[in-house]
Number of protein chains: 2
Amino acid sequence: MIRNDRIVEEEPSNLSSSIVATLKEQIIHWHYPPEHRLTEIELCKTFNVSRSPVREALRVLATDGFVKKLPNRGYVVRQHNIVEIEELYEVRLALELYAVECLAKRGPLNKNDGEDLVKLKRTWTGLLNGSSKKAEELARLDTQFHETLAQAAGNKMLLRHLRTINERLMLFRMIDFDKTDRAKSTCHQHLKILKCITAQDTPGARATMQQNIEEGRNNVHTAIKDALARAYSMKT
Amino acid sequence: MIRNDRIVEEEPSNLSSSIVATLKEQIIHWHYPPEHRLTEIELCKTFNVSRSPVREALRVLATDGFVKKLPNRGYVVRQHNIVEIEELYEVRLALELYAVECLAKRGPLNKNDGEDLVKLKRTWTGLLNGSSKKAEELARLDTQFHETLAQAAGNKMLLRHLRTINERLMLFRMIDFDKTDRAKSTCHQHLKILKCITAQDTPGARATMQQNIEEGRNNVHTAIKDALARAYSMKT
DNA sequence: GTAGACCTAATTGTATACAATCAATAGGGC
DNA sequence: GCCCTATTGATTGTATACAATTAGGTCTAC
């Protein structure tokens, strides 16, 4: 989970919240197949708690869209299909283009935000020259990069919406970074974005950001289509 | 509540859901002062139900950001301040600019979406020539206009995010349309947006949309500042 | 008079009990 | 053999009971 130094939502320590966190994590990591039914009693057994916290957790997950509620019939896990993934990438694009535009237009940043961007520059320069990392680590750092920019843009609502989207895209970012040379091109794009921001080159920042996100979207798209094609060819 | 013909989330009919709807409505309409404490037992009395559905409702409202949860201390209503309102308007701007750009770029629409836009044109032409309406009705129609565009853009995730934002902005739209001549300028802007979309004039559509949303944002901003100033001058 | 500890009331957190609802299955009529 | 209906079992929806925690007040020591 990405924890930022300044905007943190304190999570209360009760059973319900930890069940939400655990189930969310499991659903994001495809622990359950799509449309898998979640019955309250079974969850009670696995978590060793009563139905009250489980019910509250499921309701929260339903409002967040991780599970679907069937009236009087409980819940099923709601796994995103390829169309929804692409939609999420597009919403991400809309929000991040706006964020990076704000940053580039604003000019000199305050101390905190400036330091954050310097850190990002250091991190991604290091990744460019250093040894190769695992896809999971790269996905984490990538999310951190984009959320730090949104944070520096200074709009908490934007950051909040971006985070709910990124939660859903985490696994697909990993698929993205499985692709050869993706890490390298991302490094270049990220560093260019940072350079454009400090140079107040708004169109350049926007264009590079768009390139960066759409490259990811395309990688994920082809990866999923390939996987589906393989699955289909195995059946026939 | 805006109900659309095609994308509707079926709301289960249980106590918890209706409590969520009622409380949300009340909070949006400033039925409670900011930071007003909501205790479970009091809500039980007002709704004549037990604590179970109330608890679940409060938890949902907390994840949606309408109330804030204090660990072991219950909930307080979380009213947006002027900064957050502006942030919401900016996120709206980012999403709607993207939506209108998609629409303008796409070219000829399918039957359903085309008919929707024709209906919008009829409605707002009528408003331009017809008698003046109440701010509440205008706010409703305005929300409908923008959500119909997002719907026609074809991205359900974008529409979902936009709706959560619009829920919070409903009351401020009413403030916006209290301003003299705002209805008229909105009519012109909306009709121009529709014209730009059919003419596939992407920059025109974006620019007009930006003008439309920022005019609203400015109206709300000055209205709130004036209200606060008046409140301050009364105290001194 | 003030600081600290302790106690109490209020409120939330959790568990369980009961009611309502729905899907599935078995049985009877055609 | 097929369709309709009634019963039943499983599951959710709601209510209540008990445990844990916290805020606020009171009492005592200094």
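Remember, it's a predicted structure, so these values are computed and weren't measured experimentally. All chains are named by letter (A, B, ...) in the order of the sequence lines, taking the proteins before the strands, and each is independently numbered beginning at 1.
Under the 3.5 Å distance criterion, the side-chain polar atoms of A/N218 are matched with a main-chain donor or acceptor of A/E214. With hydrogens and angles ignored, the 3.5 Å screen pairs a side-chain donor or acceptor of B/E87 with a backbone N or O of A/K156. The backbone N or O of B/R73 lies less than 3.5 Å from a partner atom in the side chain of B/R37, making a donor-acceptor pair.
Note that the two end axes of the helix from C/dG1-D/dC30 to C/dC30-D/dG1 enclose an angle of 10°, each drawn from 5 base pairs, rounded to 10 degrees.
Listed nucleotides D/dA23, D/dT12, C/dA23 differ in distance to A/R73; the shortest reach to its side chain belongs to C/dA23. Side-chain proximity of B/R55 to the nucleotides C/dT11, C/dG13, D/dT12 is greatest for C/dG13.
The CZ atom of B/R37 sits 7 Å away from the C1' atom of C/dT11 (whole-angstrom rounding). Atom CG of B/L70 is separated from atom P of D/dT21 by 18 Å (rounded to the nearest Å). Look at CG on A/L58: it is 16 Å from C1' on D/dT14, rounded to the nearest Å. What separates CD of A/E40 from C1' of C/dA20 is a distance of 14 Å, to the nearest Å.
Proximity of A/K69 to the phosphate of D/dG13: a side-chain N or O atom is located under 4.0 Å from OP1 or OP2.
Counting only heavy atoms from C-beta outward, the side chains of B/F47 and B/L15 never approach each other to under 4.5 Å. B/L88 has its side chain out of reach of B/N166: every pair of non-hydrogen atoms, C-beta onward, lies at least 4.5 Å apart.
The heavy-atom pair separating B/L109 from B/G114 by the smallest distance is CB-N, 4.0 Å.
Aromatic ring pairs are classed by plane angle as parallel below 30°, tilted from 30° to 60° and perpendicular above 60°; the pair A/H161 and B/H161 is tilted. Ring planes of B/H190 and B/W124: perpendicular class, angle over 60° (limits at 30 and 60°).
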So which protein N/O to nucleotides 15-18 of chain C N/O distances come out below 3.5 Å?
{"residue": "C/dA15", "atom": "OP2", "partner": "A/S50", "partner atom": "N", "Å": "2.8"}
{"residue": "C/dA15", "atom": "OP2", "partner": "A/S50", "partner atom": "OG", "Å": "3.1"}
{"residue": "C/dA15", "atom": "N7", "partner": "A/S52", "partner atom": "OG", "Å": "2.6"}

